[in-house]
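Below you'll find the structure, written out as structure tokens, and then a few comments.
For reference, positions follow the sequence shown, starting with 1. The structure displayed is predicted, hence computed values, not measured ones.
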Amino acid sequence: MRKTSTLVLGFLLVVAFSMVGMMANQLKATKEEANKKEETIVETPTQVAGIVHNPPSLDDVPDGPLGEAILRGYELTNDTSNVLRSEAPTAADGEARVNELSCTSCHAGAGMEEEVSSLVGMASVYPMYIGRSGQIVTLEERINGCMVRSMNGQKFADDDEDLDAMVAYLTYISEGIPVGADLPWRHQSNMEDVPVPSVADGEKLYQQSCIACHAADGAGTGSNTGPALWGNGSFNDGAGISRMSKMAGYIQHNMPIGAAGTLTDQEASDLAAFILSHDRPEWKNHDKDWPAGGRPTDIIDKERREQIQNGTIDWNEVLGKN
């Protein structure tokens, strides 16, 4: 009897240990599966928030005042010069208000095209520190910075409804992008190591590839078809693109239309030097830029333009190769 009881007890212990082992293995498998699901849940929002370039359609703007502001902001971004000049009291007021360019002149499709200096996500980037200003800059201040530099015109007043409209538009096309997200489409139009250019070769390239859109005299054919590259209708020399690294980078990344990315570093540098060698409006506050130091050496201001024109410029110094 005792022997039988011992056998039964041993059998029960074996069964119990087996069940415990099975439960432990099942628990481990369940935990691993849960961890996999958790990893998937964590990764997906990061990809959606920080990588995907997918601005909402203008067909989906909300009704009411906000929707009206967004559409007005789009209009101002897409056709800046024509809109603001057409609404100015006089032609002279319009010309003082803004040059012949639009935001789309640099930011294709009113900033919604991923490959050409997209503005999608900009509302999530600002406020941010700008070395040129030496301070933290709001989105409104950044817009006004473009108005007085790239547009060679006048700032919007702080309470201007058009400024609010542009902010509303940029906020709308940045929908779904969280503050601080990494935007891979930013900073693409910049050349880190610009070759020493040949202005003469740049002129030849310009005649071959650029005059159809930008005209032989650089005056352009329209703000959104071929913006003015120099002269009174173009950006002033305080704009970011008046730097060799920015101009060469923009040209190589975006030009010519339909064949972007086909120019070599040397060709893009030659074209940039030729374009920036021409007279353009002067920025009157160069001495106030970069107050904390770090002023780039490749800004082509009036003095540098004259050096290019008379053949005395030291390109190695300008391009930081000394």
Side-chain angles (χ1 to χ4, degrees), residues 53 55-58 61 69-88 94-126 128 130 132 137-157 160-175 177 183 185-190 213-214 220-229 233-236 238-242 246-247 249-251 253-255 257 280-281 283:
H53 186 282
S57 170
L58 292 177
V61 299
I70 291 169
L71 293 176
R72 171 66 175 178
Y74 165 78
E75 184 182 21
L76 286 164
T77 303
N78 188 56
D79 203 13
T80 320
S81 178
N82 288 329
V83 171
L84 293 178
R85 285 189 172 191
S86 69
E87 296 174 356
E95 292 174 2
R97 181 74 184 85
V98 64
N99 62 12
E100 296 172 8
L101 306 182
S102 70
C103 300
T104 291
S105 298
C106 293
H107 307 280
M112 286 197 281
E113 289 191 20
E114 183 174 0
E115 297 300 321
V116 190
S117 298
S118 173
L119 295 175
V120 172
M122 290 302 100
S124 301
V125 172
Y126 289 88
M128 70 176 292
I130 302 292
R132 187 174 64 185
V137 173
T138 65
L139 183 57
E140 290 84 351
E141 289 170 330
R142 186 66 183 88
I143 291 170
N144 271 333
C146 285
M147 289 302 300
V148 297
R149 295 173 186 265
S150 297
M151 310 301 293
N152 191 43
Q154 301 167 355
K155 292 182 178 181
F156 291 105
D160 195 317
E161 291 183 356
D162 280 345
L163 179 59
D164 293 339
M166 293 190 77
V167 170
Y169 169 68
L170 294 175
T171 301
Y172 178 72
I173 66 172
S174 301
E175 187 177 284
I177 299 178
L183 308 179
W185 52 87
R186 292 190 68 204
H187 306 307
Q188 293 183 344
S189 297
N190 185 63
C213 293
H214 299 285
T221 58
S223 61
N224 294 352
T225 56
L229 296 179
S234 191
F235 56 89
N236 65 43
I241 205 167
S242 67
K246 302 295 185 184
M247 177 61 85
Y250 189 91
I251 290 171
H253 188 74
N254 301 302
M255 297 291 126
I257 297 296
R280 66 182 60 260
W283 175 244

>> For a quick test of reading the model, state the closest non-hydrogen atom pair linking Ser150 to Ala239 and the distance between them.
In response: OG-CB, 3.7 Å
> If only atom types and distance count, is the side chain of Ser234 paired as donor or acceptor with the main-chain N or O of Ala228 below 3.5 Å?
Replying inline: yes
> Ignoring hydrogens and geometry, is there a side-chain-to-backbone donor-acceptor pair from Arg280 to Leu229 under 3.5 Å?
Replying inline: yes
>> For the backbone of Ile177 and the side chain of Ser124, can you confirm whether one donor and one acceptor N or O come within less than 3.5 Å of each other?
In response: yes
> Do side-chain atoms of His214 reach the backbone of Pro227 as a donor and acceptor pair under 3.5 angstrom?
Replying inline: yes
> What's the verdict on side chain to side chain contact (heavy atoms under 4.5 Å, CB included) for Arg85 and Val98, showing C-alpha distance, side-chain angles and the deciding distance?
Replying inline: CA-CA 7 Å; Arg85 285 189 172 191; Val98 64; 3.8 Å; yes
>> Quick check for you: to the nearest 0.5 Å, what is the distance between Ser223 atom OG and Asn82 atom CG?
In response: 5.5 Å
> Can you list the residues that meet the side-chain hydrogen bond (donor to acceptor under 3.5 Å, both in side chains) rule with Asn144, with sequence neighbours excluded?
Replying inline: none
> Looking only at heavy atoms, what is the nearest atom pair of Val148 and Asn236, with distance?
Replying inline: O-ND2, 2.9 Å
>> Tell me whether the NZ or CZ atom of Arg142 lies within the 45° cone about the ring axis of Phe156 and under 6.0 Å from its centre.
In response: no
> Are Val83 and Asp162 close enough, and set up right, to give a side chain to side chain contact (heavy atoms under 4.5 Å, CB included), and what steps lead you there?
Replying inline: CA-CA 11 Å; Val83 171; Asp162 280 345; over 6 Å; no
>> If we ignore hydrogens and angles and just use 3.5 Å, is the side chain of Thr221 paired with the main-chain N or O of Cys213 as donor and acceptor?
In response: yes
> Rounded to the nearest 0.5 Å, how far does CD of Gln154 lie from CE of Met147?
Replying inline: 8.0 Å
> If only atom types and distance count, is the side chain of Tyr169 paired as donor or acceptor with the main-chain N or O of Ala110 below 3.5 Å?
Replying inline: yes
> Where do Glu115 and Asn254 come nearest, in terms of heavy atoms and distance?
Replying inline: O-OD1, 3.1 Å
>> Distance check, rounded to the nearest 0.5 Å: Met112 atom CE versus Tyr172 atom OH?
In response: 8.5 Å
>> I need the Phe235 CZ to Ser105 OG distance, nearest 0.5 Å.
In response: 10.5 Å
> Partners of Glu87 by side-chain hydrogen bond (donor to acceptor under 3.5 Å, both in side chains), sequence neighbours excluded?
Replying inline: Arg72
> Does the Arg149 side chain pair with the main chain of Gly238, one donor and one acceptor, at a distance under 3.5 Å?
Replying inline: yes
> Closest approach of Ile173 and Pro56, non-hydrogen atoms and distance?
Replying inline: CA-CD, 3.9 Å
> Counting only N and O atoms by type, is there a donor-acceptor contact under 3.5 Å from the side chain of Thr80 to the main-chain atoms of Cys103?
Replying inline: yes
>> Can you list everything that forms a side-chain hydrogen bond (donor to acceptor under 3.5 Å, both in side chains) with His253? Sequence neighbours excluded, please.
In response: Gln188
> Is there a donor-acceptor pair closer than 3.5 Å between any side-chain N or O of Asn78 and the backbone N or O of Tyr74?
Replying inline: no
> Looking at Val116 and Tyr250, what are the two nearest heavy atoms and their distance?
Replying inline: CG1-OH, 3.5 Å
> Can you find a pair of side-chain heavy atoms, one from Met122 and one from Arg186, that are under 4.5 Å apart?
Replying inline: yes
>> Please give me the minimum heavy-atom distance between Ser117 and Ser189, naming the atom from each residue.
In response: OG-OG, 3.9 Å
>> Donor-acceptor check, side chain of Asn224 to backbone of Asp79, threshold 3.5 angstrom: yes or no?
In response: no
>> Measuring from atom CD1 of Ile241 to atom CG of Asn190, what distance do you get when rounded to the nearest 0.5 angstrom?
In response: 11.0 Å
>> For a quick check under 3.5 Å, do Asn152 and Asn99 share a side-chain donor-acceptor pair by atom type?
In response: no
>> For the CE atom of Met151 and the CD atom of Glu100, what is their distance to the nearest 0.5 Å?
In response: 10.5 Å
